[in-house]
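Report on one structure; see the data block that follows.
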Amino acid sequence: MKPVLSSYLGAGLMAGYAARGSLAAALLSGGYPPALRARVACVTLLAGSGSRWVESIREARAAGLAVEFDEAKPRGLFPVRNLMGEGPERLPIASYALRAVRGLGRSVIVTRGFEAEIESSILRPLGYRSGAYAFREQAVREGKPRGHGDAAFQCMDLWSDKEYVIFNFGGDASNPLTAALGLAFMAALDAGGAAPALLLPVTRKPSPAYPIRVDGEGRPLSFGHAKLKAAPAGADARPEAVDGLAYTNVGVRIYRAAELAVAVAELRSRFWTAELGYAMPGNDPAGGEFALDNVDEYLAERGRARLLYVARPEELSPVKSLADVPRFEADIAAVYRDRLPGA
């Protein structure tokens with residue numbers, strides 16, 4: 001492993017953001033490495049609408065606003081301004097997540113229906129070729145999907161033959177630079193024989209909803225998630241430095257596929273039954289979910305997770321309700337000021 005790379009995963013974690021330009025120039029000179037594409041699966045989670053999203057649509061209509069959107073659809077299909085510099089004037093929210101991983105590897109899209117609309121409104125406008133992607137509809141329990149860890153389990157056959165798998169979410173302000181840089185960084189570490197099982201791109205923000213506590217060597221100790229844990233929002237958002245900012249993930253995860261497969265299979269075998277579904281320790285029992293956060297904790301406990309501080313704070317801008325759309329559009333405009341070397 002190159003010393004300059006390893007330094008950004010340890011005590012020098014904080015230095016990563018200032019060095020993101022030089023890291024991109026070193027690892028992505030000429031663009032994303034074509035040889036890496038065959039080694040990667042890209043899983044975009046586009047199955048959910050979410051209770052807050054549905055409630056916000058109903059509240060807007062009750063207030064007399066005309067919201068022409070089927071609340072049964074995933075919120076990732078809601079149209080927003082297109083700030084990518086390519087394609088039509090408006091595109092669904094999830095276009096940004098799928099644009100971020102376009103061309104990085106085999107694309108897997110986890111859905112709950114609406115595949116034809118995803119193809120016509122997102123994939124074709126973005127130039128996805130037929131055969132470059134596959135859909136997997138997530139099975140539900142009692143009418144509800146049971147988390148992105150369960151989604152990873154359900155589509156495992158579509159990613160477990162690859163070396164690396166990157167996950168992102170259809171409602172997030174995904175950054176193509178963060179995705180490509182993270183994968184190139186992971187592959188470079190692996191070439192030196194010292195890649196972690198999880199490389200988690202992070203940013204730093206005050207009191208984030210998903211705070212990550214780290215030790216003195218920059219290794220993750222715990223992953224906060226108020227909704228998953230049924231805790232008050234911000235309960236775990238203890239700052240990790242005197243400036244009052246905490247590390248937080250931006251919805252992008254990069255795993256070594258073989259180790260992810262072992263973790264997912266073990267957690268499911270230990271904490272799922274046909275009678276009760278999932279009962280993950282520490283998760284809200286009422287939710288019955290298996291999340292990738294549980295996988296991240298499993299890997300961190302075994303010393304196999306590392307953080308990479310290269311993401312912009314604007315990337316943490318998920319759309320959970322209609323009220324979030326203006327902020328999302330402003331933040332994605334900032335995200336698209338980044339450019340891949342050679343692009």
Side-chain angles (χ1 to χ4, degrees), residues 1-20 23 27 149 152 164-167 178-179 181-226 228-229 231 235-264 266-267 280-283 291-313 315-316:
M1 180 169 59
K2 297 179 182 179
V4 68
L5 296 186
S6 63
S7 67
Y8 295 110
L9 303 184
L13 173 65
M14 185 78 77
Y17 192 75
R20 65 200 290 263
L23 287 171
L27 295 171
Y164 313 113
V165 55
I166 180 170
F167 284 80
T178 298
L181 177 57
L183 281 164
F185 199 103
M186 176 71 105
L189 292 172
D190 211 6
L198 164 65
L199 185 64
L200 190 65
V202 296
T203 191
R204 299 178 73 242
K205 297 191 79 167
S207 300
Y210 311 108
I212 302 170
R213 293 180 59 244
V214 300
D215 66 13
E217 295 300 315
R219 293 174 296 220
L221 293 173
S222 67
F223 301 87
H225 193 311
L228 182 68
K229 307 294 185 181
D236 293 327
R238 294 184 291 272
E240 295 297 335
V242 293
D243 59 7
L245 302 179
Y247 288 109
T248 181
N249 79 68
V250 293
V252 174
R253 293 167 164 89
I254 301 166
Y255 299 95
R256 292 187 69 249
E259 291 188 73
L260 174 62
V262 168
V264 167
E266 181 173 338
L267 288 168
M280 290 285 169
N283 289 9
L292 286 173
D293 306 72
N294 301 122
V295 174
D296 301 345
E297 290 174 344
Y298 172 98
L299 295 172
E301 288 168 1
R302 290 156 178 77
R304 297 295 296 141
R306 293 292 185 272
L307 308 182
L308 181 63
Y309 177 30
V310 294
R312 300 178 68 111
E315 294 174 48
L316 188 60

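Just the heavy atoms: all of them, side chains too, but no hydrogens, waters or symmetry mates, feed the values below.
Within the model, atoms CE of M14 and CZ of R204 stand 3.5 Å from one another, a figure rounded to the nearest 0.5 Å. Note: Y255 OH to L199 CG = 11.0 Å, rounded to the nearest 0.5 Å. Interatomic distance, D296 CG to S222 OG, rounded to the nearest 0.5 Å: 12.0 Å. Atom OH of Y298 and atom CG of L260 lie 10.5 Å apart (nearest 0.5 Å).
Counting only heavy atoms from C-beta outward, the side chains of K205 and Y210 never approach each other to under 4.5 Å. Taking the side chain as every heavy atom from C-beta outward, R256 and P196 never approach each other to under 4.5 Å. Looking at heavy atoms from C-beta onward, L9 lies in side-chain contact with L189 at the 4.5 angstrom threshold. Residues F223 and L292 have side chains not in contact (no heavy-atom distance under 4.5 Å, counting atoms from C-beta outward). Side-chain contact between F185 and V310 is absent, with no heavy atoms from C-beta onward closer than 4.5 Å. For the pair R253 and D293, the minimum side-chain heavy-atom distance is below 4.5 Å. The side-chain heavy atoms of T178 and L308, taken from C-beta on, include no pair separated by under 4.5 Å.
Between G16 and L23, the shortest heavy-atom contact is O-CD1, 4.4 Å. Among all heavy-atom pairs drawn from I254 and A179, the shortest one is CD1-O, 4.4 Å. Nearest approach of A152 to V264, heavy atoms of both residues: CB-CG2, 4.5 Å. Nearest heavy atom pair, residue P220 against residue A305, reads CD-O, 3.4 Å.
Between Y17 and Y309, the angle of the ring planes stays under 30°, which puts this pair in the parallel group of the 30/60° scheme.
Although no hydrogens or angles enter the test, the distance criterion places a donor-acceptor pair under 3.5 Å between the side chain of R306 and the main chain of G303.
Of the listed residues (V202, L307, L200, L316), just one forms a side chain to side chain contact (heavy atoms under 4.5 Å, CB included) with T248, and that residue is L316.
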Applying side-chain hydrogen bond (donor to acceptor under 3.5 Å, both in side chains), run through D190 and Y164 and close with a yes or a no. CA-CA 10 Å; D190 211 6; Y164 313 113; 2.6 Å; yes

Run the side-chain contact (heavy atoms from CB on, under 4.5 Å) check on L5 and L27 step by step: do they pass? CA-CA 10 Å; L5 296 186; L27 295 171; 4.3 Å; yes

Please walk me through it: do T203 and E315 pass side-chain hydrogen bond (donor to acceptor under 3.5 Å, both in side chains)? CA-CA 8 Å; T203 191; E315 294 174 48; over 6 Å; no

